[in-house]
Each structure stands twice: as C-alpha cells, then as structure tokens.
**Q** 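I have a structure here, written as structure tokens, and I will follow up with some questions on it.
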Protein chains: 2
Amino acid sequence: MSSTLIELCYGSAYPSIMAKELLHPDIDQIDLSAVLDALSDPTRREIVAHLTEVGEDSCGSMNPFSSKTNLTYHLARLREAGVTRTRIDGARRLISVRAGDIEQRFPGLLPAVLTAVRAKEPS
Amino acid sequence: MSSTLIELCYGSAYPSIMAKELLHPDIDQIDLSAVLDALSDPTRREIVAHLTEVGEDSCGSMNPFSSKTNLTYHLARLREAGVTRTRIDGARRLISVRAGDIEQRFPGLLPAVLTAVRAKEPS
DNA sequence: CCTATTGTTCAATAAATGTTGAACTCTTGG
DNA sequence: CCAAGAGTTCAACATTTATTGAACAATAGG
C-alpha cells in the first residue's frame, strides 16, 4: 500500500500529475483482499449501496455518510481497491461503482454483499 | 470487540469457564462487517477454503497455513465472526465452516468468495 | 479578477490488526 | 502418575486503520 495519501490518490507524489488522472487498478489487478477489506466497512458499504442505486454521484452529495475529509479517505479506499471509478467533472468528482468489472473478476460477490446491505437497511 | 484474547475465546474472563464451551454467535447475530473482515485476510480465506474441502479439521493439521500461535488467533477471528464452528474433541479442537448458517444469513456470499479463492489458487 | 464551491493534503491521534516467542493448561497414552 | 501432544494465553511489537481540523488547490460563475 502507498505510504502517503497523495500517492494513494494519484499513484505518484509528483505535483504535476495532480488533478489529471486518478489511479484505478485495471480488472486483472483487482485484489480480493482489497475488495473485501473495502467492503468490510459499514460506511463504505453504504456508499456503494447508494451509488448502485443512483448510478453516479458527487463527493459532496455523500456528505451524510461521513465528514468531507473522511469521505475523501473512504472514496480513495474504494477506488484504490477497484470497487469504484472516479471521474473528474470540472470542480467535482463523480463516483460510480465498477459493478461490471467486479462481477467479471469475482462473480456473485457484489450482488451478495448488496443483498445483505439491503436486508439490513431497507431503502 | 473483546479486549482480551480470553474473552474473545470464551466470552468471559472467568477461568472456571475455560475449556468448557467456546463462544459462537448465533445466526441472527452474525455481522456482515465481521464476516467480510474475517474473509479479507488471505490466510483466513485459505483456512476456510481448506475446511470447506475437508469438512472438518484440527488446529494442528493447519500448521502449514501459519504458526501455531497465529493460527489460534485467526481461528478465533473466524469463529467469533460466525464463519467457523469449533468443537472440542479431547485435547483437540475440530473446526468446520458454518456454511449453512452463513448462507442463510448472507445468501451467495460464501460461494462467491470461495469461487474467487479457487480461481486464484487451484486445488 | 474575485470569490464561493468542491474536494484534497497534511499532521496528529486513538484504536485495531497481524505476528512472534515464552510460558502455560488440558488431555491422553504408557 | 508422568511425559508428550494439542492448543491457548500473555506481553510485546510494528503496521495499518478510521477519524479529525486546519490549511490548501482547482474550478466555475459573477
């Protein structure tokens, strides 16, 4: 795992690379431990469930789930694990779940987790 | 989570309770975070995969997976999460996966994880 | 150009995690 | 009863976590 947050976010500590493109693992590099770890946190699961429902959402819209700073952390965790994709849209970041990729890599896993989340917390 | 290992193992720090009955959550108390957390560790996943294959096994037979001491820790983790059941058989402990219970509580979850484990490490 | 908005970075902190070796307890077979 | 085998407990440790507030950077709109 990267040591600094900037490396975790951009895959490099180079300032020149900032705000260009965020680091996403490609399908083959998605690691089961990382995914399960990402999904083992209740806040992150709620984020994933929410994103699954709405398709795509900005960081700011998800403030109810956690504080702004902490959200950055959790979203980085999800993205770095390969669970979500973050695309830059002006000043905002739009997040979505990489449902197809995760399904391709670990069939049945995400649906099972989402079923469990919905069972506990009805939408 | 319990503070001391003895509490984690027996649900109480009372020495008189030792070696009598190990603490297992019942189905309704099995927590998704705890299960995902238990399964997020590669060593524990291998243990679960192995147990799924052989049905039931003793602590000592699983030494290849980790050191004796560490095995106690990981097995306590799995048992406390509700993933495995440990029954005492004389001087030995026989461990098995609570596949039915987990399936009832979180349908599809364990099969998906096991499929992923097998895909990575062919038996 | 200013400023509000959006989100990130940094440093700090408290707690949990995985791992180890030495000492211990319990059970069983001789 | 005693020694060997099975597994646990304990204390210690280096890492990783989740969380916070203050300061920062980038963009969009007036």
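Below, all heavy atoms of this structure are taken into account, side chains as well, without hydrogens, waters or symmetry copies.
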**Q** Under 4.0 Å from OP1 or OP2 of D/dA26: is there any side-chain N or O of A/Arg92 that close?
**A** no
**Q** Identify the pairs formed between an N or O of the protein and an N or O of nucleotides 19-22 of chain C at a distance under 3.5 Å, and give each distance.
**A**
{"from": "C/dT19", "atom 1": "OP2", "to": "B/Asn70", "atom 2": "OD1", "distance (Å)": "3.0"}
{"from": "C/dT19", "atom 1": "OP2", "to": "B/His74", "atom 2": "NE2", "distance (Å)": "2.7"}
{"from": "C/dT19", "atom 1": "O5'", "to": "B/Asn70", "atom 2": "OD1", "distance (Å)": "3.4"}
{"from": "C/dT20", "atom 1": "OP2", "to": "B/Ser67", "atom 2": "OG", "distance (Å)": "3.3"}

**Q** Both A/Lys68 and A/Asp89 contact DNA chain D. Taking the nearest nucleotide for each, which residue is further toward the 5' end?
**A** A/Lys68
**Q** Given side chains that start at C-beta, do those of B/Ile102 and B/Ile27 come closer than 4.5 Å, heavy atoms only?
**A** no
**Q** Between A/Arg77 and A/Asp41, does any side-chain N to carboxylate O distance fall below 4.0 Å?
**A** no
**Q** Can you tell me if the side-chain N/O atoms of B/Thr72 get under 4.0 Å from OP1 or OP2 in D/dG7?
**A** no
**Q** A/Phe65 CZ to D/dA18 C1': how many Å, rounded?
**A** 17 Å
**Q** Between B/Arg87 (CZ) and D/dA6 (P), how many Å, whole number?
**A** 17 Å
**Q** Specify the separation, in whole Å, of atom CG of A/Leu23 and atom P of C/dT8.
**A** 14 Å
**Q** Tell me, do A/Met62 and A/Leu75 make a side-chain contact under 4.5 Å, heavy atoms counted?
**A** yes
**Q** With sugar-phosphate meaning primed atoms plus P, OP1 and OP2, does B/Asp37 contact a base, only sugar-phosphate, or nothing at under 4.0 Å between heavy atoms?
**A** sugar-phosphate
**Q** Find the distance A/Arg77:CZ to C/dT8:P and express it as a whole number of Å.
**A** 16 Å
**Q** Taking only side-chain N and O atoms of B/Arg93, does any of them lie within less than 4.0 angstrom of OP1 or OP2 on D/dT8?
**A** yes
**Q** Could you state the CD1-P distance from B/Ile88 to C/dT25, rounded to the nearest angstrom?
**A** 17 Å
**Q** What is the distance from CE of A/Met62 to P of C/dT8, rounded to the nearest Å?
**A** 10 Å
**Q** From CD of A/Glu46 over to P of D/dA18, roughly how many Å is that when rounded to an integer?
**A** 15 Å
**Q** I need the single residue from A/Arg92, A/Arg87, A/Arg98 that forms a salt bridge (Lys or Arg N to Asp or Glu O under 4.0 Å) with A/Glu56. Which is it?
**A** A/Arg87
**Q** Do A/Glu103 and A/Pro111 touch side chain to side chain, with heavy atoms closer than 4.5 Å?
**A** yes
**Q** Within this structure, what is the CG-to-P distance between B/Leu94 and C/dT27, rounded to whole angstrom?
**A** 15 Å
**Q** Any sub-3.5 Å donor-acceptor pair from A/His24's side-chain atoms to A/Thr86's backbone N or O?
**A** yes
**Q** Does any part of the side chain of A/Leu110, heavy atoms only, come nearer than 4.5 Å to the side chain of A/Val35, both counted from C-beta?
**A** no
**Q** Could you check A/Arg44 against A/Ala91 and say which one's nearest nucleotide on DNA chain D is further toward the 5' end?
**A** A/Arg44
